[in-house]
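Read the numbers this way: they start at 1 and go in the same order the structure lists the ligands and their atoms.
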Amino acid sequence: MHTHPLERFWIYLSAGLLVVFAFAVAFSSLVLGIEIPGIEDQAVPAAAAGEYPPNQGWIRELAPGRYEVNMMTRVWTFDPGEIRVPRGSTVTFYLHSADLLHGFRIQGTTVSLMAIPGQVGKVTYTFTTPGEYPFVCHEYCGVGHHLMSGRVIVEGN
Ligand code: CUA
């Protein structure tokens, strides 16, 4: 069968790109260790359970420089809204939603998750540079969406 040289060129180019993309996915996953944030756990949304606990967020120090944060989102607050850790701390966030879909994006970091009712999102980040890291809700969640924010303060010099 005769294939026009130009057509053959595009066939090879398309196939070559697929190989390149497959290699890029394999490389980022196996070598660089980049993963899509996974679903850590399931939970009954507090709103569905008919309760709005006034305070379900907490920060716990597991060891020097290692923290766990239980982050509760609801219209239109983060709980806790302010997190203070020393420089170099590794913080694991467990993200919950008490009502509807929210976002959790810490500026200046790679942390970006959706807070899904009934699911627990998990992400770990090490704060190596001191300073203030604002976080915001980046999923539209109603009239107070733009007010939904907080900050991580990394202390030290
Ligand atoms: Cu919560 Cu937007």
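In this structure, Tyr133 has its ring center no closer than 6.0 Å to that of Phe135. Aromatic pair Phe104/Phe78: centroids less than 6.0 angstrom apart.
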After noting the C-alpha distance and the side-chain angles of Tyr125 and Val91, does the key distance pass the side-chain contact (heavy atoms from CB on, under 4.5 Å) rule? CA-CA 5 Å; Tyr125 189 81; Val91 184; 5.8 Å; no

Check step by step if side-chain contact (heavy atoms from CB on, under 4.5 Å) holds for Thr129 and Val154. CA-CA 7 Å; Thr129 311; Val154 180; over 6 Å; no

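When the shell of 6.0 Å around CZ of Arg66 is examined, it contains 12 or fewer heavy atoms from other residues, nucleotides or ligands.
No path of Ile, Leu, Val, Met, Phe, Trp and Tyr side chains, each step under 4.5 Å between heavy atoms, connects Val69 with Val136, placing them in separate hydrophobic clusters.
With waters neither drawn nor counted, the protein N/O/S atoms under 2.8 Å from atom 2 (Cu) of ligand 1 amount to 4.
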